[in-house]
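When reading the values below, keep in mind they use all heavy atoms of this one structure, side chains included, and skip hydrogens, waters and symmetry mates.
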2 protein chains.
Amino acid sequence: MATSGEAITVAPRQRRKDAKLATIVREAWDLARRDGLAAISLRDLAARVDLRQPSLYAYFESKHDLYDLMFADGYRQLLAAAAPEIAGDPRRRLVEFVRRLVQFSTEDLVRHQLLFQRTIPGFEPSPESYRLAVEFYDLARSRLAEVGVTAPDDIDVFSALVSGLGHQQIANDPGGDRWVRQSERVVDMFLADVDRRRGANDGRGTT
Amino acid sequence: MATSGEAITVAPRQRRKDAKLATIVREAWDLARRDGLAAISLRDLAARVDLRQPSLYAYFESKHDLYDLMFADGYRQLLAAAAPEIAGDPRRRLVEFVRRLVQFSTEDLVRHQLLFQRTIPGFEPSPESYRLAVEFYDLARSRLAEVGVTAPDDIDVFSALVSGLGHQQIANDPGGDRWVRQSERVVDMFLADVDRRRGANDGRGTT
DNA sequence: GTCTATACATCGATAGAC
DNA sequence: GTCTATCGATGTATAGAC
């Protein structure tokens with residue numbers, strides 16, 4: 001029985017470590033909300049998870065590595081918030097998708113900063129973490145494709161609209177809905193513009 | 001001659017101090033671009049302006065106070081970039097105004113962070129500095145009023161569009177023009193939306 | 001995997017002489 | 001206004017025992 005001896009004892013040990021790591025990341029977010037993203041202290045973090053500061057290095061190799069864990073965690077949260085199916089026609093699905101994104105941005109300033117802004121000077125997500133980000137952008141593209149939007153310029157404009165709503169919401173009305181409630185209007189404005197430009201180009205081919 | 005003795009000697013002395021302060025702020029921006037906004041070191045800054053670190057406290061009272069000087073300086077730069085008169089009809093003036101703002105955002109990441117994002121945890125601009133920000137937003141409102149846009153919701157949507165273009169530009173194509181060149185399209189999209197909604201409400205009064 | 005102990009650098013800010 | 005000297009804290013990271 002080469003398997004049982006290991007599979008039964010090692011697996012729970014790994015599960016314990018994963019659970020502890022999840023706790024560490026959760027507390028790290030909490031500290032970031034309190035002191036700012038760049039001001040997370042490993043001493044404070046260790047104290048919150050009942051460890052001594054050097055023991056944290058059993059869970060990540062450096063502070064940037066911790067940011068990477070948080071980055072991946074943040075995109076997992078984003079996917080969890082944005083991916084669930086939405087009933088209705090494609091336009092309505094897109095509106096609700098945008099509303100979810102803007103809402104997500106406004107829920108957590110530092111999460112928004114780590115995921116969408118360049119707040120930590122030297123930080124670059126690892127390829128594994130970046131894959132989660134790509135997964136999200138693929139999801140966004142598919143929501144756009146459903147309403148017939150696939151041109152790169154259109155996608156760029158759309159991304160600016162969404163990021164602008166989220167940014168204004170969190171910067172000027174945190175916790176409120178002053179920009180969240182413009183989601184539907186902005187989507188309709190965008191779709192009307194795409195239609196208008198499509199009409200203007202009609203009959204001229206695909207140039 | 002109570003005046004001459006003071007007016008002649010004190011004024012140049014003050015002018016010297018102002019010039020030195022301007023140098024300090026300029027070098028602070030340079031350090032921020034190199035190390036990040038939060039990582040500005042007063043020792044490094046002092047070395048760059050040929051002072052010892054404690055001597056900086058003759059020019060500002062704390063590090064937050066330095067950020068306040070930079071905040072005010074940044075908005076003065078923004079006003080200098082955005083305020084110059086533009087020839088042409090109101091629509092063209094608005095397009096050019098937006099292009100200037102997006103361009104301004106993309107020119108300096110840390111300036112963009114200090115002016116438009118909440119990167120420094122405890123920092124709040126002083127009332128004097130904030131007045132410059134208000135001056136800018138008044139300018140933006142007047143550009144909008146020229147094309148007949150005055151409703152708060154319209155202004156909110158417009159602000160989201162502009163900030164979204166700037167944000168995407170600096171986050172995903174720093175130094176390029178991928179979103180800058182969408183400025184005119186976005187303005188036209190916005191104006192068409194305002195018109196469309198105005199038409200939809202016509203004859204129904206001011207509700 | 002967690003600990004103690006510690007290295008080593010850096011930080012913002014203050015005291016007090018000139 | 002600028003200096004020297006220094007305080008007190010904090011930061012990340014490593015060595016080595018258990």
Side-chain angles (χ1 to χ4, degrees), chain A residues 6 9-25 27-28 30-32 34-71 110 114 119-124, chain B residues 6 8-25 27-28 30-32 34-71 110 114 119-124 126:
Chain A
E6 290 208 341
T9 58
V10 166
R13 194 165 294 173
Q14 182 63 34
R15 217 176 306 153
R16 281 206 164 203
K17 187 168 178 184
D18 289 348
K20 186 94 181 180
L21 184 57
T23 306
I24 289 170
V25 170
E27 293 297 326
D30 211 47
L31 274 176
R34 196 190 68 182
D35 301 332
L37 207 47
I40 295 177
S41 151
L42 296 189
R43 282 181 220 271
D44 287 0
L45 179 56
R48 285 188 171 222
V49 297
D50 293 308
L51 285 178
R52 308 293 164 171
Q53 177 254 332
S55 304
L56 288 175
Y57 285 81
Y59 296 91
F60 47 79
E61 291 183 325
S62 71
K63 202 178 178 187
H64 269 58
D65 201 39
L66 171 62
Y67 286 128
D68 195 52
L69 292 170
M70 296 171 75
F71 182 90
V110 293
L114 184 61
T119 297
I120 306 297
F123 172 68
E124 287 286 331
Chain B
E6 291 209 341
I8 293 181
T9 58
V10 166
R13 195 164 295 172
Q14 183 62 34
R15 218 176 304 152
R16 280 206 164 203
K17 187 168 176 182
D18 289 349
K20 186 95 181 178
L21 185 57
T23 306
I24 289 170
V25 171
E27 293 296 327
D30 213 46
L31 273 176
R34 196 191 67 182
D35 302 330
L37 207 46
I40 295 177
S41 152
L42 296 190
R43 286 179 217 271
D44 285 0
L45 179 56
R48 283 188 172 222
V49 296
D50 293 308
L51 286 177
R52 308 293 163 172
Q53 177 253 331
S55 305
L56 288 174
Y57 285 80
Y59 295 90
F60 48 80
E61 292 182 326
S62 71
K63 203 180 178 185
H64 271 57
D65 202 38
L66 171 62
Y67 287 127
D68 195 53
L69 292 170
M70 296 171 74
F71 183 90
V110 292
L114 184 61
T119 297
I120 306 296
F123 172 68
E124 286 286 330
S126 65

note: A:Arg52, atom CZ; D:dT12, atom C1'; distance rounded to Å ~ 18 Å

Taken to the nearest whole Å, OH/A:Tyr57 to C1'/C:dC3 is 16 Å

Checklist entry - Is any side-chain nitrogen or oxygen of A:Lys63 closer than 4.0 Å to OP1 or OP2 of D:dA13? => result no

Nearest heavy-atom contact between B:Leu31 and B:Ser41 is CD1-O, 4.1 Å

Per nearest nucleotide of DNA chain D, the residue lying toward the 5' end, B:Pro54 or B:Lys20, is B:Lys20

Atom CD of B:Glu61 and atom P of D:dG1 are separated, to the nearest Å, by 13 Å

Here the distance between atom P of C:dC11 and atom CG of B:Leu66, to the nearest Å, is 14 Å

In whole angstroms, the gap separating P of D:dT4 from CG of B:Leu56 amounts to 13 Å

Margin query: Using OP1 and OP2 only, check whether a side-chain N or O of A:Ser41 sits under 4.0 Å from D:dG11.
Written below: yes

Notebook entry, point to check: Looking at side-chain heavy atoms only, is the closest gap between B:Leu114 and B:Phe123 below 4.5 Å?
Noted result: yes

### Query
Contact class for B:Tyr59 (heavy atom, under 4.0 Å): base, sugar-phosphate, or nothing?
sugar-phosphate

Of D:dT2, C:dT14, C:dG1, the nucleotide closest to the side chain of B:Ala58 is D:dT2

In whole angstroms, the gap separating P of D:dA9 from CG of A:Asp44 amounts to 15 Å

Taken to the nearest whole Å, CG/B:Leu51 to P/D:dT4 is 11 Å

Between CG of B:Asp35 and P of C:dT10 the distance, given in whole Å, is 12 Å

Regarding the side chain of B:Leu42, the nearest nucleotide among C:dG12, C:dG1, C:dT4 is C:dG12

Q. Just to confirm, is there a sub-4.0 Å distance from OP1 or OP2 of C:dG12 to any side-chain nitrogen or oxygen of B:Arg43?
A. no

(Q) Can you tell me how the ring of A:His64 sits relative to the ring of A:Tyr67, calling it parallel under 30°, perpendicular over 60° and tilted otherwise? (A) perpendicular

Can you tell me if B:Ser55 touches the phosphate of D:dC3, counting only side-chain N or O atoms and a distance under 4.0 Å to OP1 or OP2? yes

5'-most contact on DNA chain D (nearest-nucleotide basis), B:Lys17 vs B:Gln53, goes to B:Lys17

Open item on the list: Within the 4.0 Å heavy-atom criterion, would you say B:Leu45 contacts the bases, only the backbone, or no part of the nucleic acid?
Closed with: nothing

Are the side chains of A:Met70 and A:Val110 in contact, using a 4.5 Å heavy-atom criterion? no

Taking every heavy atom of A:Ala28 against every heavy atom of A:Ile40, the minimum-distance pair comes out as O-CD1, 3.7 Å

With heavy atoms under 4.0 Å as the rule, sort A:Ile40 into base, sugar-phosphate or nothing. sugar-phosphate

